[in-house]
Engineer: 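Take this structure, written in structure tokens, and hold onto it; I'll ask about it next.
Residue numbers run from 1 in the order of the sequence given. The figures that follow rest on heavy atoms only: side chains count, while hydrogens, waters and symmetry mates do not.
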Amino acid sequence: MRFQAIIFDLDGVICSTDEYHFQAWKKIADELDIPFDRTINNRLRGVSRMQSLEIILENNPGDPFTDTEKQSLAADKNEIYKDLLSQMSEKDLSDEVRNTLNGLRDMGLRLAIGSSSKNTPLILSRIGLNGFFDAVSDGNNITHSKPHPEVFLKAAEMLDLFPQNCLVVEDAVSGAEAGHAAGMKVACVGDAAQQGAGDWNLTAFSELVSIVEG
Ligand code: BG6
Ligand code: MG
């Protein structure tokens with residue numbers, strides 16, 4: 001087999017929480033009369049909460065915000081986001097993702113999460129995947145978010161594997177860059193696949209099985 005482990009991004013790969021990030025930021029941006037659309041939103045994929053806010057504020061037509069105001073805006077966004085997460089359940093894990101994950105595990109692969117999100121434990125528990133992964137590296141144990149490779153290098157370290165034996169799965173261009181910077185091959189879905197950012201650019205999550213078979 002071509003890899004020993006797969007490190008999955010969470011938002012926009014395992015589940016569609018990327019849409020909730022968009023809705024929550026959109027609400028904040030609309031309240032501030034700051035233009036914000038799905039094209040700008042694609043730049044927020046993979047980057048931290050505070051960096052996401054900075055990208056949105058590039059279009060702020062008004063006076064600059066203080067650091068305290070920025071902290072408060074990010075906290076407001078997270079409350080809106082967590083409200084949306086609270087509606088999630090195991091039904092928000094698609095059959096395709098669930099079956100593919102189980103199939104990959106049955107093939108002997110180790111499976112990990114590599115996400116910039118501090119809400120990773122909450123999301124995994126809502127979709128019924130708490131305790132499923134062999135390692136979880138997330139926004140709570142990193143100091144640099146994607147495109148920095150830290151989150152993926154930490155996941156490989158937790159698995160006790162060399163980076164070149166791990167495949168990253170990403171929907172973010174910044175995440176694909178992070179995977180490559182970590183010395184890993186990258187399979188992309190969604191926006192990153194459309195941008196051609198991966199070594200493989202998938203149209204379906206289940207295609208991962210044939211990639212690891214080589
Ligand atoms: C990433 C998302 O997974 O997590 C980003 O792609 C998000 O859009 C980042 O900003 C941080 O998420 P959170 O949940 O810690 O605000
Ligand atoms: Mg993502």
Engineer: Any side-chain heavy atom of L101 sitting closer than 4.5 Å to one from L129?
Structural biologist: yes
Engineer: With the 4.5 Å side-chain cut-off for hydrophobic clustering, are F133 and V209 part of the same group?
Structural biologist: yes
Engineer: Determine whether L109 and F152 fall in the same hydrophobic cluster, where Ile, Leu, Val, Met, Phe, Trp and Tyr are linked whenever their side-chain heavy atoms lie under 4.5 Å apart.
Structural biologist: no
Engineer: Of all the heavy-atom pairs spanning L202 and A193, show the shortest one and how long it is.
Structural biologist: O-CB, 3.7 Å
Engineer: About how many Å separate OG of S16 and CD1 of I127, when rounded to the nearest 0.5 Å?
Structural biologist: 9.5 Å
Engineer: Is the number of heavy atoms from other residues, nucleotides or ligands within 6.0 Å of CG (D106) greater than 12?
Structural biologist: yes
Engineer: Answer yes or no: is there a donor N or O on one side and an acceptor on the other, between the side chain of K146 and the main chain of E177, under 3.5 Å?
Structural biologist: no
Engineer: Please check this pair: side chain of S116 against backbone of G46, looking for a donor-acceptor N/O pair closer than 3.5 Å.
Structural biologist: yes
Engineer: With the 4.5 Å side-chain cut-off for hydrophobic clustering, are V151 and L10 part of the same group?
Structural biologist: no
Engineer: What closest approach, in Å, do V173 and A192 show between heavy atoms, and which atom pair accounts for it?
Structural biologist: N-CB, 3.8 Å
Engineer: From R110 CZ over to C166 SG, what is the distance, rounded to the nearest 0.5 angstrom?
Structural biologist: 9.0 Å
Engineer: Does the plane of the ring in W200 sit parallel, tilted or perpendicular to the ring in F3? Use 30° and 60° as the thresholds.
Structural biologist: perpendicular
Engineer: Evaluate the side-chain proximity of N140 to P121: yes if any heavy-atom separation is below 4.5 Å, no if none is.
Structural biologist: yes
Engineer: Distance from F65 atom CZ to N60 atom CG, nearest 0.5 Å?
Structural biologist: 5.0 Å
Engineer: Mark yes or no for whether E150, through its side chain, and H144, through its backbone, hold a donor-acceptor pair below 3.5 Å.
Structural biologist: yes
Engineer: Distance check, rounded to the nearest 0.5 Å: R2 atom CZ versus Q164 atom CD?
Structural biologist: 15.0 Å
Engineer: Checking the side chain of D30 only, and the main-chain atoms of K27 only, is there a donor and an acceptor separated by less than 3.5 Å?
Structural biologist: no
Engineer: Using a 3.5 Å distance criterion without hydrogens, assess whether the side chain of S48 forms a donor-acceptor pair with backbone atoms of Q51.
Structural biologist: yes
Engineer: Can you tell if the side chain of P163 reaches within under 4.5 Å of the side chain of L153, non-hydrogen atoms only?
Structural biologist: yes
Engineer: Go through N119 and D11 one step at a time and tell me if the side chain to side chain donor-acceptor pair (under 3.5 Å) criterion holds.
Structural biologist: CA-CA 10 Å; N119 289 298; D11 299 320; over 6 Å; no
Engineer: Just checking, is any N or O donor in the side chain of N130 or S125 under 3.5 Å from an acceptor N or O on the other one?
Structural biologist: no
Engineer: Using the rule that two of Ile, Leu, Val, Met, Phe, Trp, Tyr join whenever any of their side-chain heavy atoms come within less than 4.5 Å, decide whether M184 and M158 are in one cluster.
Structural biologist: no
Engineer: Working note: F36 + F22, criterion side chain to side chain contact (heavy atoms under 4.5 Å, CB included); need CA distance, chi angles, decisive distance, verdict.
Structural biologist: CA-CA 9 Å; F36 178 60; F22 171 71; 3.7 Å; yes
Engineer: State the CH2-CD1 distance between W25 and I34, to the nearest 0.5 angstrom.
Structural biologist: 10.0 Å
Engineer: Any donor and acceptor pair, going by atom type alone, linking the side chain of R45 with main-chain N or O of G175 inside 3.5 Å?
Structural biologist: no
Engineer: Please check if the number of heavy atoms outside K185 that lie under 6.0 Å from its NZ is greater than 12.
Structural biologist: no
Engineer: Would you indicate whether the side-chain heavy atoms of K77 and L53 approach each other to under 4.5 Å?
Structural biologist: no
Engineer: Hey, any chance L161 and L167 share a hydrophobic cluster, counting ILVMFWY side chains that come within less than 4.5 Å of each other, even indirectly?
Structural biologist: no
Engineer: In this structure, which one of D191, D18, D37 forms a side chain to side chain donor-acceptor pair (under 3.5 Å) with N42?
Structural biologist: D191
Engineer: Using modelled atom types and a 3.5 Å cut-off, is there a donor and acceptor pairing between side-chain atoms of E96 and backbone atoms of S206?
Structural biologist: yes
Engineer: Is D134 reaching over with its side chain to a backbone N or O of A112, donor-acceptor style, under 3.5 angstrom?
Structural biologist: no
Engineer: Please answer whether the main-chain N or O of V186 pairs with a side-chain N or O of D199 as donor and acceptor at a distance below 3.5 Å.
Structural biologist: yes
Engineer: Closest heavy-atom contact between V97 and I14?
Structural biologist: CG1-O, 3.9 Å
Engineer: If you look at every heavy atom in C15 and I123, which pair is closest and at what distance?
Structural biologist: SG-CG2, 3.7 Å
Engineer: Over all heavy atoms of both residues, which pair between M88 and R126 is shortest? Give the atoms and the distance, please.
Structural biologist: O-NE, 2.8 Å
Engineer: Check whether F132 forms a cation-pi arrangement with R98 (NZ or CZ under 6.0 Å from the six-membered ring centre, at most 45° off the ring normal).
Structural biologist: no
Engineer: For A135 versus A155, what's the shortest heavy-atom pair and its separation?
Structural biologist: CB-O, 4.3 Å
Engineer: Any chance you could lay out the side chain to side chain contact (heavy atoms under 4.5 Å, CB included) test for L84 and E19, step after step, and finish with the verdict?
Structural biologist: CA-CA 10 Å; L84 294 166; E19 178 61 25; over 6 Å; no
Engineer: Taking N141 for the side chain and S137 for the main chain, is one N or O donor matched with an acceptor at less than 3.5 Å?
Structural biologist: no
Engineer: Please lay out, stage by stage, how E58 and I40 fare under the test side chain to side chain contact (heavy atoms under 4.5 Å, CB included).
Structural biologist: CA-CA 10 Å; E58 285 173 13; I40 301 169; over 6 Å; no
Engineer: Would you give the length of the straight line joining atom CD of E54 to atom CG of L44, rounded to the nearest 0.5 angstrom?
Structural biologist: 11.5 Å
Engineer: For the pair N165 and L159, evaluate side chain to side chain contact (heavy atoms under 4.5 Å, CB included) and give the outcome as yes or no after the intermediate values.
Structural biologist: CA-CA 11 Å; N165 294 324; L159 295 167; over 6 Å; no
